[in-house]
S.K.: 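Below you will find the structure I want to go over with you.
To find a chain, count down the sequence lines: A is the first, B the second, and so on, and within it residues start at 1.
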There are 2 protein chains.
Amino acid sequence: MTYGRTDICRYDDAVPGQPTITLDRSSPVPLYFQVAAQFEAAILSGALGPGERIENEITLAKDLGLSRPTMRQAIQVLVDKGMLVRKRGVGTQVVHGKVSRSVELTSLHDDLTQAGQDPRTTILGLERVPADETIASELQVAKGDDVWSLRRLRLISGKPLALMHNWLPVSLIDLEAHDLDTDGLYAVLRRAGIHMRVAKQRIGAAPASAADAKLLAEKRGAPLLTMQRTAYDNAGHAVEYGSHRYRPDLYSFEITLVDR
Amino acid sequence: MTYGRTDICRYDDAVPGQPTITLDRSSPVPLYFQVAAQFEAAILSGALGPGERIENEITLAKDLGLSRPTMRQAIQVLVDKGMLVRKRGVGTQVVHGKVSRSVELTSLHDDLTQAGQDPRTTILGLERVPADETIASELQVAKGDDVWSLRRLRLISGKPLALMHNWLPVSLIDLEAHDLDTDGLYAVLRRAGIHMRVAKQRIGAAPASAADAKLLAEKRGAPLLTMQRTAYDNAGHAVEYGSHRYRPDLYSFEITLVDR
DNA sequence: TACGTCCATATGTCATGACATATTCTTGAC
DNA sequence: GTCAAGAATATGTCATGACATATGGACGTA
């Protein structure tokens with residue numbers, strides 16, 4: 001059997017509950033990713049329920065016309081996401097418990113948009129300022145060097161949700177306030193060809209200062225959820241440092257941990 | 001060249017900065033894991049500094065007598081941990097910025113012990129109680145079924161750090177208070193042959209209640225960091241549900257996110 | 001009936017080989 | 001001297017094959 005550039009392989013499983021997988025070998029999207037995405041969709045849609053076992057790797061690979069390593073790689077993607085659990089000698093099954101999207105390398109704006117909300121943003125300030133000790137260290141620039149300072153208030157359904165303060169190296173990008181009105185910071189960076197690769201976050205809690213309280217419509221001293229994040233690009237250079245405050249009644253962090 | 005059961009391969013690189021890797025093919029520890037662990041040690045010790053490039057996969061594999069997929073798998077472990085960054089056509093390098101241990105599937109007790117602290121625990125209560133709606137749903141048992149209810153106060157250097165409330169299915173294990181005096185809950189579970197595989201956490205903030213405040217030596221209404229966690233074992237069954245409160249001046253969560 | 005052994009099953013680990021593609025450097029032409 | 005084409009390099013993806021090992025059930029024996 002020979003595969004042309006536009007071959008499409010379909011695999012209709014007779015077993016009820018097993019999803020229908022479609023492969024497009026002409027697509028630039030890797031095969032393992034195509035398989036993983038379709039299994040993920042099946043799990044999220046409920047076609048594959050919690051605890052349900054999927055076909056074994058070898059059979060799946062054969063039916064789809066793939067090698068076992070490729071099939072394994074596809075399954076591994078979902079195991080890493082905490083959606084599937086492998087049991088040696090037994091098989092692979094969907095995890096119990098409701099599957100929720102885990103914390104990924106996205107901005108708050110992305111998160112909210114994907115959740116079907118309609119986030120709005122007020123720019124409180126965009127200016128170039130000299131980096132203090134902390135900012136210089138996080139962004140790997142010299143103390144006193146100019147950096148962007150961006151302060152924003154994020155609103156959801158008209159209610160203030162988060163107070164965000166970001167710092168970026170001026171060498172990286174020319175920020176314009178009107179770009180940030182409609183899109184999130186990360187969307188602007190992506191358009192400029194800057195892609196995040198690694199980020200380190202610290203999540204804590206702190207009382208609202210008088211200024212915080214006024215902007216977030218809370219009382220002074222009220223508990224706020226805080227997050228500091230430093231993000232790095234492909235080259236490993238610091239791209240952004242942010243210090244944010246969230247209203248805890250409107251926002252929380254969800255994380256899925258997988259032991260390997 | 002033939003490998004016996006006790007062969008030891010060593011690889012001394014002439015390039016400064018490249019770590020010395022020792023392989024033990026008689027060990028039950030997978031080869032890729034041995035390689036990854038030694039690279040990780042080299043990075044954490046500073047022998048491999050931020051931004052430093054490591055040898056390419058093919059050369060490394062050849063020098064160590066491994067296949068490329070195995071070498072790749074070893075590197076992938078550290079890429080997943082956010083310690084290495086791959087750049088196609090260029091090479092693999094250590095990420096910039098200080099490398100910190102990311103949030104893993106460990107308990108607070110494990111975290112503190114590893115950090116060289118000396119955590120102490122006070123058991124506030126250990127009893128069997130009927131599960132309410134929330135607990136029953138999280139632990140996948142019927143509402144009203146008996147579950148363990150465990151309340152503990154964690155202290156560090158004599159200061160109260162966290163107030164922890166855990167629920168576990170009674171069918172899982174027989175909990176004894178004296179076991180929990182010295183070790184953490186997760187250590188007790190591990191000894192009983194119960195291994196966590198996946199956990200879902202939600203991190204937020206809330207004001208201290210009067211009872212919280214008294215136990216944590218804070219004022220009523222003071223901000224507390226909160227975390228709810230449900231952990232699942234190999235089989236995908238819920239093992240533990242916990243609702244915890246932390247003093248934000250003494251504890252925060254650190255997370256490393258990696259985009260793939 | 002209870003227990004232990006054996007076997008089928010499915011994932012875990014590892015080797016070899018091949019081609020695709022992004023990146024960077026070098027070389028050559030205008 | 002500058003820019004573009006091409007070569008070198010290194011990771012990304014995929015196929016094939018083999019053996020190791022944990023799990024669970026079936027079968028046989030005491």
Side-chain angles (χ1 to χ4, degrees), chain A residues 1-3 5 7 9 23-37 52-80 84-94 193 195 197 233-236 259-260, chain B residues 1-3 5 7 9 23-37 52-80 84-93 193 195 197 233-237 259-260:
Chain A
M1 185 175 183
T2 57
Y3 287 108
R5 286 283 299 161
D7 268 353
C9 279
L23 288 185
D24 179 0
R25 296 189 92 98
S26 73
S27 162
V29 178
L31 295 174
Y32 76 89
F33 195 86
Q34 294 183 34
V35 176
E52 205 160 335
R53 282 242 309 273
I54 66 175
E55 223 9 299
N56 73 66
E57 294 174 352
I58 308 217
T59 306
L60 274 176
K62 190 162 66 67
D63 289 348
L64 286 168
L66 296 173
S67 69
R68 192 184 155 208
T70 303
M71 194 61 226
R72 240 182 110 67
Q73 196 175 3
I75 294 176
Q76 190 61 42
V77 170
L78 299 182
V79 171
D80 287 345
L84 291 180
V85 176
R86 284 199 226 254
K87 287 176 69 179
R88 186 173 186 167
V90 179
T92 306
Q93 59 185 60
V94 181
H195 295 278
R197 204 51 171 277
D233 68 1
N234 289 346
D259 198 19
R260 273 176 294 217
Chain B
M1 183 174 185
T2 56
Y3 287 106
R5 287 280 301 161
D7 268 353
C9 278
L23 287 185
D24 179 1
R25 297 188 93 96
S26 72
S27 162
V29 178
L31 295 174
Y32 76 89
F33 195 86
Q34 293 183 35
V35 176
E52 204 159 336
R53 282 241 310 273
I54 66 176
E55 221 10 298
N56 73 67
E57 295 174 352
I58 306 208
T59 306
L60 274 176
K62 191 162 66 65
D63 290 348
L64 286 168
L66 295 173
S67 69
R68 192 184 155 208
T70 302
M71 194 61 226
R72 241 182 109 67
Q73 196 175 3
I75 294 175
Q76 189 61 43
V77 170
L78 300 182
V79 171
D80 287 343
L84 292 179
V85 177
R86 285 198 225 254
K87 288 176 70 178
R88 186 172 185 168
V90 179
T92 306
Q93 60 186 92
H195 296 277
R197 207 49 174 277
D233 68 2
N234 289 345
H237 296 124
D259 199 18
R260 274 177 294 219

S.K.: Give the rounded distance in Å between these two atoms: CZ of Arg25(A) and C1' of dC19(C).
M.R.: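 Those two atoms, CZ and C1', are 13 Å apart.
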
S.K.: Is there a side-chain contact between Val79(A) and Val85(A) (heavy atoms, below 4.5 Å)?
M.R.: no

S.K.: Determine, for Glu57(B) against Lys62(B), whether the closest basic-nitrogen to carboxylate-oxygen distance falls under 4.0 angstrom.
M.R.: no

S.K.: Please report the distance, rounded to the nearest Å, between CG in Leu66(A) and C1' in dA15(D).
M.R.: 10 Å

S.K.: With respect to the phosphate group of dT13(C), does any side-chain polar atom (N or O) of Thr70(B) fall under 4.0 Å of OP1 or OP2?
M.R.: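 For Thr70(B), the contact criterion (side-chain N or O under 4.0 Å from OP1 or OP2 of dT13(C)) is not met.
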
S.K.: Search all heavy atoms of Asn56(B) against all heavy atoms of Ile58(B) and return the closest pair with its distance.
M.R.: OD1-N, 3.0 Å

S.K.: In whole angstroms, how far is the C1' atom of dT11(C) from the CG atom of Leu84(A)?
M.R.: 14 Å

S.K.: Run the side-chain hydrogen bond (donor to acceptor under 3.5 Å, both in side chains) check on Gln93(A) and Arg86(A) step by step: do they pass?
M.R.: CA-CA 7 Å; Gln93(A) 59 185 60; Arg86(A) 284 199 226 254; over 6 Å; no

S.K.: Side-chain contact, heavy-atom cut-off 4.5 Å: Val77(A) with Tyr32(A)?
M.R.: yes

S.K.: Rounded to whole angstrom units, what separation is found between the CZ atom of Arg86(B) and the C1' atom of dT13(D)?
M.R.: 12 Å

S.K.: If you check every side-chain atom of Glu57(A), which of dT11(D), dA15(D), dG12(C) has the closest atom?
M.R.: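 Selected nucleotide (nearest to the side chain): dG12(C).
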
S.K.: Grab the NZ-P distance between Lys62(B) and dA15(C) for me, whole Å please.
M.R.: 15 Å

S.K.: Output yes when at least one side-chain N/O atom of Tyr32(A) is less than 4.0 Å from OP1 or OP2 of dT13(D), else no.
M.R.: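 The answer is yes; a side-chain N or O of Tyr32(A) sits under 4.0 Å from OP1 or OP2.
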
S.K.: So which one's nearest nucleotide on DNA chain D is more toward 5', Leu31(A) or Ile58(B)?
M.R.: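 Per heavy-atom nearest nucleotide, the more 5' residue is Ile58(B).
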
S.K.: Under 4.0 Å between a side-chain N or O of Arg53(B) and OP1 or OP2 of dT24(C)?
M.R.: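 No.
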
S.K.: Report the distance from atom CD of Gln73(B) to atom P of dT13(C), rounded to the nearest whole Å.
M.R.: 6 Å

S.K.: Could you tell me whether Pro69(A) contacts a base, only the sugar-phosphate backbone, or nothing, with contacts defined as non-hydrogen atoms closer than 4.0 Å?
M.R.: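 Base, at least one base atom sits under 4.0 Å.
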
S.K.: Answer yes or no: side-chain N or O of Arg68(A) and base N or O of dG12(C) forming a donor-acceptor pair under 3.5 Å.
M.R.: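 Yes, the side chain and the base share a sub-3.5 Å donor-acceptor pair.
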
S.K.: Could you tell me whether the phosphate oxygens of dA10(C), OP1 or OP2, come under 4.0 Å of any side-chain nitrogen or oxygen in Thr92(A)?
M.R.: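 For dA10(C), OP1/OP2 do not have a side-chain N/O of Thr92(A) under 4.0 Å.
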
S.K.: Of Arg88(A) and Val90(B), whose nearest nucleotide on DNA chain C comes first from the 5' end?
M.R.: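 Between the two, 5'-proximity favours Arg88(A).
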
S.K.: Tell me the interatomic distance from Met71(B), atom CE, to dG17(C), atom C1', rounded to whole angstroms.
M.R.: 19 Å

S.K.: Counting side-chain heavy atoms from CB outward, which of dT11(C), dC14(C), dC14(D) is closest to Asn56(A)?
M.R.: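 For Asn56(A), the side-chain atoms sit closest to dT11(C).
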
S.K.: Is Arg72(B) near enough to dT11(D) that one of its side-chain N or O atoms lies under 4.0 angstrom from OP1 or OP2?
M.R.: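 For dT11(D), OP1/OP2 do not have a side-chain N/O of Arg72(B) under 4.0 Å.
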
